[in-house]
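Shown next, in structure tokens, is the structure this report addresses.
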Amino acid sequence: MAQWLLLDGFNLLFRSFHGMPDLRTKKDNVPTGAVHGWLRTLWHLQDTRKPDHLAVFFDLGGSTAREAEQSGYKAQRSEMPPDLIPQIGFTRRLTLALGIPVIERQGVEADDLLGSCALRLAAAGHDAWLVSADKDLGQAVGGRVKQLLPPSTSAPETGWRELDAAGVEERSGVPPRLIPDLLALTGDTVDNIAGLDGVGPKTAAKWLQKYGSLEGVIQNCGMLNPVRFQGVVYASADRLRSNLRMTRLHEVECPVPEKLTPNLLAVTSLLAELEMNRSVEDARRRLAAFGA
């Protein structure tokens with residue numbers, strides 16, 4: 001049995017970008033703050049969790065299946081910060097040079113790859129940790145699959161938090177299997193999935209606890225409280241079912257990532273290029289066994 005850390009690449013990279021000061025190279029004024037934060041996150045996870053394996057999952061674009069279901073999927077997502085764009089490539093290069101595989105596939109979202117890989121690892125008897133603050137991934141938690149939440153940006157003193165199935169339910173108000181149903185009702189503004197106006201997580205969770213599923217809520221819409229939502233749910237039934245197809249993780253083929261060998265020269269060369277001189281020395285110390 002092995003312990004795997006499966007990292008939600010963009011979720012953690014955005015946090016690194018927003019959590020670090022505006023660091024830049026003196027020579028070319030290249031932004032590097034997100035790379036600094038990313039490297040420190042990787043090393044922190046290796047030092048504190050001591051995993052047998054790590055893998056990072058990135059998006060290469062949208063989800064072909066979800067875009068076919070709802071044409072406006074992610075249409076309102078804000079533009080990526082200009083200073084983050086050049087750091088994405090540096091992050092990928094650095095991750096691979098550190099010996100950590102990067103998993104990405106055109107037309108398939110990282111969440112689907114993450115969930116599918118975690119379930120496959122768990123079925124083989126391994127412990128799989130989904131390293132992300134994304135609530136969507138809570139639906140994959142159970143048994144050997146758990147979620148590791150990074151420190152809250154608003155309250156970093158909370159530190160890293162572990163969630164099993166009970167923890168997911170405490171966080172969201174419903175068990176992992178009903179996370180998609182909850183999101184179908186409340187909507188997801190980040191992905192431009194429209195829920196029911198006025199229905200928040202507490203109301204949706206109360207309905208799901210009583211009726212067992214989104215379909216149960218629809219079938220019992222004439223008994224819902226507050227009463228004003230009875231007709232709304234009835235009229236929105238088809239859209240809500242479509243939302244559920246959007247919010248469920250899609251099972252996709254995801255082979256178990258192969259462990260790579262760190263390349264000290266590649267790591268130190270890139271860090272030197274980005275004028276991350278202290279990190280160069282840290283890398284030489286940490287990866288001494290993989291190069292001169």
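We number each residue from 1, following the sequence as shown. Atoms considered below: every heavy atom in the structure, side chains included; atoms not considered: hydrogens, waters and symmetry mates.
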**Message:** Please find the pair of heavy atoms, one from D181 and one from L214, that lie closest to each other, and give the distance.
**Reply:** OD2-N, 2.9 Å

**Message:** Looking at every heavy atom in both V252 and S116, which two are closest together, and how far apart are they?
**Reply:** N-OG, 2.9 Å

**Message:** Before you tell me yes or no, could you show the steps for D136 and T247 under side-chain contact (heavy atoms from CB on, under 4.5 Å), namely the whole-Å CA-CA distance, both residues' side-chain angles and the distance that decides it to 0.1 Å?
**Reply:** CA-CA 7 Å; D136 296 17; T247 56; over 6 Å; no

**Message:** For D282 and R284: C-alpha separation, side-chain torsions, deciding distance, then whether salt bridge (Lys or Arg N to Asp or Glu O under 4.0 Å) applies.
**Reply:** CA-CA 6 Å; D282 288 343; R284 285 180 177 147; over 6 Å; no

**Message:** So W4 and C117, do their side chains get closer than 4.5 Å, heavy atoms only?
**Reply:** no

**Close side-chain approach of V145 to L130, heavy-atom, < 4.5 Å** = yes

**Donor-acceptor contact below 3.5 Å, side chain W129 vs main chain P51** = no

**Message:** Is there a side-chain contact between Q147 and L137 in this structure, where contact means two heavy atoms from C-beta onward sitting under 4.5 Å apart?
**Reply:** yes

**Item:** Geometric class of the F14/F10 ring pair [parallel <30°, tilted 30-60°, perpendicular >60°]
**Value:** tilted

**Prompt:** When you look at T32 and F90, which way does the side-chain contact (heavy atoms from CB on, under 4.5 Å) test go after all the steps?
**Reply:** CA-CA 9 Å; T32 61; F90 294 136; over 6 Å; no

**Message:** Under 4.0 Å between a side-chain nitrogen and a carboxylate oxygen: does that hold for D164 and K146?
**Reply:** no

**Request:** Quick one: closest heavy-atom pair of R245 and H250, and the distance?
**Result:** O-NE2, 3.2 Å

**Request:** Report yes if some heavy atom in the side chain of R177 is under 4.5 Å from a heavy atom in the side chain of Q139; otherwise report no.
**Result:** no

**Those residues that, when tested against E215, pass side chain to side chain donor-acceptor pair (under 3.5 Å) (two or more places apart)** = Q219, R241

**Request:** For side-chain contact (heavy atoms from CB on, under 4.5 Å), just list the numbers for M1 and D127, CA-CA rounded to whole Å, side-chain angles, deciding distance to a tenth of an Å, and then say yes or no.
**Result:** CA-CA 7 Å; M1 180 184 73; D127 291 324; 3.6 Å; yes

**Asked** How close do L149 and S132 get, heavy atom to heavy atom, and via which atoms?
**Response** CD2-O, 3.2 Å

**Item:** Shortest non-hydrogen contact between L208 and S213, atoms and distance
**Value:** CD2-C, 3.4 Å

**Request:** Answer yes or no: is there a donor N or O on one side and an acceptor on the other, between the side chain of N263 and the main chain of A266, under 3.5 Å?
**Result:** yes

**Prompt:** Is there a donor in the side chain of T95 and an acceptor in the side chain of W38, or the other way round, less than 3.5 Å apart?
**Reply:** yes

**Message:** Ring-plane angle category for H44 and W160, please: parallel below 30°, perpendicular beyond 60°, tilted otherwise.
**Reply:** parallel

**Asked** Will you find, in the side chains of R40 and S279, an N or O donor that is under 3.5 Å from an N or O acceptor?
**Response** yes

**Asked** L249 versus L114: any side-chain heavy-atom pair under 4.5 Å?
**Response** no

**Prompt:** Between S242 and Q70, is any side-chain donor less than 3.5 angstrom from a side-chain acceptor?
**Reply:** yes

**Message:** For A184, is there any backbone N or O sitting under 3.5 Å from a side-chain donor or acceptor partner on N243?
**Reply:** yes

